[in-house]
Amino acid sequence: MHFPVREGIFLRGKRSCKAVDGVSLTLKPGETLGLVGESGCGKSTLGKCIVRLHQPTGGKIIFEGTDLAPLGRRELKPLRRHLQMVFQDPVESLNSRHTVGDILAEPFIIHGQGDAASRRASVLALLDKVGLPANAAERYPFEFSGGQRQRIGIARALALNPRMLVCDEPVSALDVSIQSQVLNLLLDLQRDLGLSYLFIAHNLAVVKHVSDRLAIMYLGRIVETAPAGDIYRSPRHPYTRALLSAIPRPNPHGRRERIVLQGDVPSPIDPPQGCAFNPRCPFATDRCRVEAPLLRPVPNTTDHQVACHYDLP
């Protein structure tokens with residue numbers, strides 16, 4: 001996904017911001033894939049491309065055998081019900097002028113499902129499914145707490161019985177005590193409904209609780225992917241190691257080497273030559289500055305790939 005950068009007096013696009021560049025992921029039925037990276041690395045853009053809120057610049061989005069990328073609005077409509085998104089900010093993603101009942105009924109109206117009575121029954125069932133009382137349907141989003149608003153957003157995403165949810169940092173705007181409640185709700189829904197999740201986050205400690213596999217993203221590219229346990233036990237990319245070292249330890253007397261990366265994240269408008277991480281990598285060599293590494297299997301592992309020229313100890 002490349003966004004044109006408007007420059008000059010006539011605002012003509014001569015360059016582009018490479019928000020997502022050459023990403024390839026696979027998500028299996030009933031699986032949770034955690035997508036992790038620092039702010040601005042392209043995680044949310046990738047999620048919006050998958051649900052076609054953005055028209056990708058190139059590539060394919062294969063969902064159950066159908067390529068979503070070239071489809072127009074009319075061809076895409078019947079497939080949208082199977083592929084939904086939970087947004088990061090429950091305040092901005094819910095229409096403050098509509099009651100919760102109207103918000104949850106809207107997907108049924110758009111897709112022409114049922115009459116007013118059946119839609120009302122479906123709304124009450126959705127509220128019960130996410131742990132909210134029936135009288136919530138008559139209230140407005142601003143009358144709820146942050147965690148309750150996120151439950152409403154999850155209920156809306158579940159309205160049409162989707163098979164996959166893109167969860168775009170669904171707990172990052174919530175208090176820590178509420179985060180665990182929402183995560184447990186998502187796990188319960190996955191178990192009961194057989195959902196697949198692409199779970200986007202910038203905190204490795206959060207995705208550890210919910211993910212089967214992890215993909216680490218840096219400056220629009222995937223730099224490491226592996227089963228969640230392998231990432232936490234044996235990270236192979238320097239960037240992944242830096243992210244893991246930043247996770248707070250529950251034991252204040254425990255010691256861990258903190259890896260502090262030098263410099264700032266490069267601009268996706270003018271990325272560095274070679275490996276995008278080389279300006280901040282303590283192991284970078286001349287090869288890293290001229291040759292971009294591809295994802296390759298890590299020796300003696302299963303389903304563990306890393307985009308690095310070297311096998312780090």
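In this text the structure is predicted, and so the values were computed from the model without any measurement. Residue numbers start at 1 and run along the sequence shown.
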query = Arg213 side chain to Thr26 main-chain N or O, any donor-acceptor pair under 3.5 Å?
reply = yes
ask   = Which heavy-atom pair separates Val23 from Gly220 by the least distance, and what is that distance?
value = CG2-O, 3.3 Å
ask   = Do the side chains of His309 and Cys288 get nearer than 4.5 Å, heavy atoms only?
value = yes
request  = Answer yes or no: is there a donor N or O on one side and an acceptor on the other, between the side chain of Ser234 and the main chain of Asp230, under 3.5 Å?
outcome  = no
inquiry  = Count I, L, V, M, F, W, Y as connected when their side-chain heavy atoms are under 4.5 Å apart, and connections chain through other members. Are Leu35 and Phe87 then in the same cluster?
reply    = yes
ask   = Out of curiosity, Arg52 CZ to Met85 CE, how far, rounded to the nearest 0.5 Å?
value = 14.0 Å
ask   = Does Asp21 reach the side chain of Met1, with side-chain heavy atoms less than 4.5 Å apart?
value = no
task = Using the side chain to side chain contact (heavy atoms under 4.5 Å, CB included) rule, take Phe277 and His237 through it: C-alpha gap first, then chi angles, then the decisive distance, then the call.
result = CA-CA 10 Å; Phe277 189 61; His237 196 279; 3.9 Å; yes
key: Backbone N/O of Val5 and side chain of Arg15: donor-acceptor pair under 3.5 Å   = no
task = Compute both the distance and the angle, then confirm whether Arg139 meets the cation-pi test with Phe144: under 6.0 Å from the six-membered ring centre, within 45 degrees of the axis.
result = yes
Test item: side-chain donor near acceptor, Tyr197 and Ser211, under 3.5 Å = no
request  = Report the C-alpha distance between Gln113 and Leu160 in whole Å, list the side-chain angles of each, state the deciding distance to 0.1 Å, and finish with yes or no for side chain to side chain contact (heavy atoms under 4.5 Å, CB included).
outcome  = CA-CA 9 Å; Gln113 293 190 6; Leu160 299 173; 3.9 Å; yes
ask   = With side chains defined as the heavy atoms from C-beta onward, is the minimum distance between Thr66 and Leu71 less than 4.5 Å?
value = yes
message = I need the Arg119 CZ to Glu106 CD distance, nearest 0.5 Å.
response = 11.5 Å
inquiry  = Treating Gln179 as the side-chain partner and Val171 as the backbone partner, does any N or O pair qualify as donor plus acceptor under 3.5 Å?
reply    = yes
ask   = Under 4.5 Å between any side-chain heavy atoms of Tyr140 and Val100, yes or no?
value = no
query = Roughly how far, to the nearest 0.5 Å, is the NE2 atom of His304 from the CG atom of Leu214?
reply = 10.0 Å
message = Looking only at side-chain N and O atoms, does Asp270 offer a donor or acceptor that is under 3.5 Å from a partner on Ser267?
response = no
inquiry  = Using every non-hydrogen atom in the two residues, find where Val210 and Leu183 come nearest and quote the distance to one decimal.
reply    = CG1-CD2, 3.9 Å
task = Verify, without hydrogens or angle tests, whether Tyr218 (side chain) and Glu224 (backbone) share a donor-acceptor contact under 3.5 angstrom.
result = no
Could you go through residues 186-195 and list every donor-acceptor pair under 3.5 Å that involves a side-chain atom there, pairing it with any protein atom two or more places apart or in another chain?
from, atom 1, to, atom 2, distance (Å)
Asp188, OD1, Arg191, NH1, 3.1
Gln190, OE1, Thr32, OG1, 3.3
Gln190, NE2, Gly30, O, 3.4
Gln190, NE2, Thr32, OG1, 2.8
Gln190, NE2, Leu195, O, 3.2

query = Is there a side-chain contact between Ile216 and Thr225, using heavy atoms and a 4.5 Å cut-off?
reply = no
message = Hydrophobic clustering (ILVMFWY, side-chain heavy atoms < 4.5 Å, transitive) - are Leu244 and Met217 grouped together?
response = no
query = Mind checking whether His54 and Phe3 have ring centres under 6.0 Å apart?
reply = yes
note = Residues Asn278 and Pro272: closest non-hydrogen pair is ND2-CB, 4.1 Å
query = More than 12 foreign heavy atoms under 6.0 Å from CG of Asp286: is that the case here?
reply = no
ask   = Going hydrophobic residue to hydrophobic residue with side-chain gaps under 4.5 angstrom, can you get from Ile178 over to Leu127?
value = yes
ask   = Would Ser172 and His202 satisfy side chain to side chain contact (heavy atoms under 4.5 Å, CB included), going step by step from the backbone distance to the final call?
value = CA-CA 9 Å; Ser172 63; His202 62 263; 4.0 Å; yes
message = Show the nearest heavy-atom pair for residues Pro90 and Gly146, with the distance to one decimal.
response = CG-O, 3.9 Å
query = Less than 4.5 Å apart, any side-chain heavy atom of Leu83 and any of Arg163?
reply = no
request  = Under the side chain to side chain contact (heavy atoms under 4.5 Å, CB included) rule, what do Leu68 and Val51 come out as? Steps first, then yes or no, please.
outcome  = CA-CA 9 Å; Leu68 305 182; Val51 300; over 6 Å; no
Glu169 and Lys43 ion-paired at < 4.0 Å = yes
ask   = Would a 4.5 Å heavy-atom cut-off, applied to side chains only, mark Phe63 and Ile50 as touching?
value = no
Donor-acceptor contact below 3.5 Å, side chain Gln150 vs main chain Gly147 = no
task = Enter the distance from Leu76:CG to Gln55:CD here, rounded to the nearest 0.5 Å.
result = 9.0 Å
query = If only atom types and distance count, is the side chain of Glu92 paired as donor or acceptor with the main-chain N or O of Asp89 below 3.5 Å?
reply = no
task = Determine, for Lys60 against Asp67, whether the closest basic-nitrogen to carboxylate-oxygen distance falls under 4.0 angstrom.
result = no
ask   = Counting N and O atoms only, with roles assigned by atom type, does the side chain of Glu31 sit under 3.5 Å from a partner on the main chain of Lys28, one being a donor and the other an acceptor?
value = yes
key: Minimum heavy-atom distance Thr301-Arg236, with the two atoms named   = CG2-NH2, 4.4 Å
inquiry  = Ignoring hydrogens and geometry beyond distance, is a side-chain donor-acceptor pair present between Asn184 and His209 at under 3.5 Å?
reply    = yes
Connected via hydrophobic side-chain network under 4.5 Å: Val91 and Ile154 = no
note = Separation between CG (Leu219) and CD (Glu38), nearest 0.5 Å, reads 9.0 Å
Nearest-0.5 Å distance, SG of residue Cys41 to CD1 of residue Ile200 = 9.0 Å
query = Between Lys77 (side chain) and Gly72 (backbone), is there a donor-acceptor pair under 3.5 Å?
reply = no
ask   = So do the side chains of Pro56 and Ile61 get within less than 4.5 Å of each other, counting heavy atoms only?
value = yes
request  = Flag the pair Arg296 and Asp311 as a salt bridge only when some basic side-chain nitrogen lies within less than 4.0 angstrom of an acidic carboxylate oxygen.
outcome  = yes
note = Nearest heavy-atom contact between Leu25 and Ala215 is CD2-CB, 3.9 Å
inquiry  = With clusters defined by side-chain heavy atoms of hydrophobic residues (ILVMFWY) lying less than 4.5 Å apart, directly or transitively, does Val36 cluster with Val166?
reply    = no
